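Data first, discussion second: the structure below is written as structure tokens.
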Protein chains: 2
Amino acid sequence: MEAKTLLQEHIAKTASLTQEEFDYFFSHFKPLSFKKGQTIISEGDKVDCEYFVVSGCLKAFFINDEIKMYILQFAMPTWWTSDYNALYNQTPAQINVDCITDAEVLCLSSSDREKLCAEFHQIEHFFRWRTNKGYIASQKRLLSFMNNNVKTRYEELLALYPQLYNLVPKHLIAAYLGVSRETLSRLHNS
Amino acid sequence: MEAKTLLQEHIAKTASLTQEEFDYFFSHFKPLSFKKGQTIISEGDKVDCEYFVVSGCLKAFFINDEIKMYILQFAMPTWWTSDYNALYNQTPAQINVDCITDAEVLCLSSSDREKLCAEFHQIEHFFRWRTNKGYIASQKRLLSFMNNNVKTRYEELLALYPQLYNLVPKHLIAAYLGVSRETLSRLHNS
DNA sequence: AAAAGATTGTGATCTACATCACGTAACCCA
DNA sequence: TGGGTTACGTGATGTAGATCACAATCTTTT
């Protein structure tokens, strides 16, 4: 699907904009294409934008001790991603974002987002709900982390996003679950 | 500090309301007082409200297998709490909220919040930012969970909220850290 | 098509933390 | 003021998952 239509249908679920308003909104987004493996945000970068995924799959991750990787989010079409802590607090990125597959994204700068939120009540409404859903999902994941063992978390993840099983290498799924790739591999037999 | 002043100063940090607008906003809140140990939300309840803490300390927690407790949030003055998943998706509460100390709260119904957000752009702005901060904090905690051992998480928590050490029994701090009370106790000696 | 790198599986061993068990001290509240 | 509940410490033992090591594919690049 075309980027503009995808975004429009996505927004329409929570906010009512006229076609004219949406066209204006859309004009602030910059379309970007990336190849598999390309980096969008690196640790230490100044972060100015957030990204709406049109096609492909990104990962937002943290590297500890230059060795261990922890994946905060897989970002699929219609998902938003960035290092929101860095973006809102104007601090250097602690999170990396790169492309698991070739990907197309729409890039929106933080200043444009704030401008658009101030100009259109409905746009502010949309972003409140988007963040709200992210917050609820994040709380659920935290609870699952405290409450469930690796096997249960793995099954939950696959039930929620079956396409990940074939799209994403297993060691990345392990990094999302916060477990070693060896342990994840052994789960298949138990 | 008086409940109304506390809320007004809290809101003023992110939204500009005239005194008249704030008075109208405030008129939708219901002040409630609770004693130490009293329950505000029980698992299975229909959840209609969110709560702004004026004084005291609440905990939002999840009980697994009728045995293990996991604390999602300690809620102190100027913090907001509820079972947001239940509140937004109109599902029965999975989270409990009760009082660690005597507490005063201001209660806002979800329908009033949505009404106020629709009526005043600045109020929608405020709630977007509040949720945004919650989302960022939740992501940070998730990262710390994956990345750090118990001792580091304990030190982080005490650095962020030193008052918790004396205010809250250790087994509740253990339940927040997702660790057994015995292990937490042993950390003091190591 | 060959070489190099990435991905996955699996055994052996190690470790952080859980669980069980028991003892002591502090705090309610009738 | 005394008896019961709650809080907290600490030893002994169990276990999920980490780490190390190596081998077998599968993918990408030249």
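Fair warning: this is a prediction, and the values are worked out from it, not measured in the lab. Chain naming here is simple, since letters A, B, ... match the order of the sequence lines and numbering starts at 1 in each. Values below: all heavy atoms of this structure, side chains included; hydrogens, waters and symmetry mates excluded.
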Exercise for the section: Name all residues meeting the ring-ring contact (aromatic ring centres under 6.0 Å, His included) criterion together with B:Phe25; count only those two or more places apart in sequence or in a different chain, and write none if there are none. Expected result: B:Phe29
Fill in the blank from the handout: Here the gap from B:Lys30 atom NZ to B:Leu106 atom CG, rounded to the nearest 0.5 Å, amounts to 11.5 Å
Practice task
For residues A:Cys99 and A:Ile40, determine if any side-chain heavy atom of one lies less than 4.5 Å from a side-chain heavy atom of the other.
Solution key: yes
Completion exercise
With sugar-phosphate taken as primed atoms, P, OP1 and OP2 and all else as base, the protein-contact string of nucleotides 15-30 of chain D at under 4.0 Å (heavy atoms; B, S, -) is --SBBBB------S--
Practice task
Specify the separation, in whole Å, of atom CE of B:Met69 and atom C1' of D:dA7.
Solution key: 13 Å
Completion exercise
Shortest non-hydrogen pair, B:Thr131 vs B:Phe127, comes out as OG1-O, 2.9 Å
Problem - B:Lys36 atom NZ, neighbour heavy-atom count above 12 within 6.0 Å - result: no
Completion exercise
Bounded by its outermost nucleotides with an atom under 4.0 Å from a heavy atom of chain A, the footprint on DNA chain C reads C:dT7 to C:dA12
Exercise for the section: Hey, could you give me the CG/CG distance between B:Asn132 and A:Asn132, rounded to the nearest 0.5 Å? Expected result: 11.0 Å
Problem - Ring center gap for B:Trp80 and A:Tyr135 short of 6.0 angstrom - result: no
Handout entry: Side-chain heavy atoms of B:Phe145 within contact of A:Arg141, under 4.5 Å
Key = no
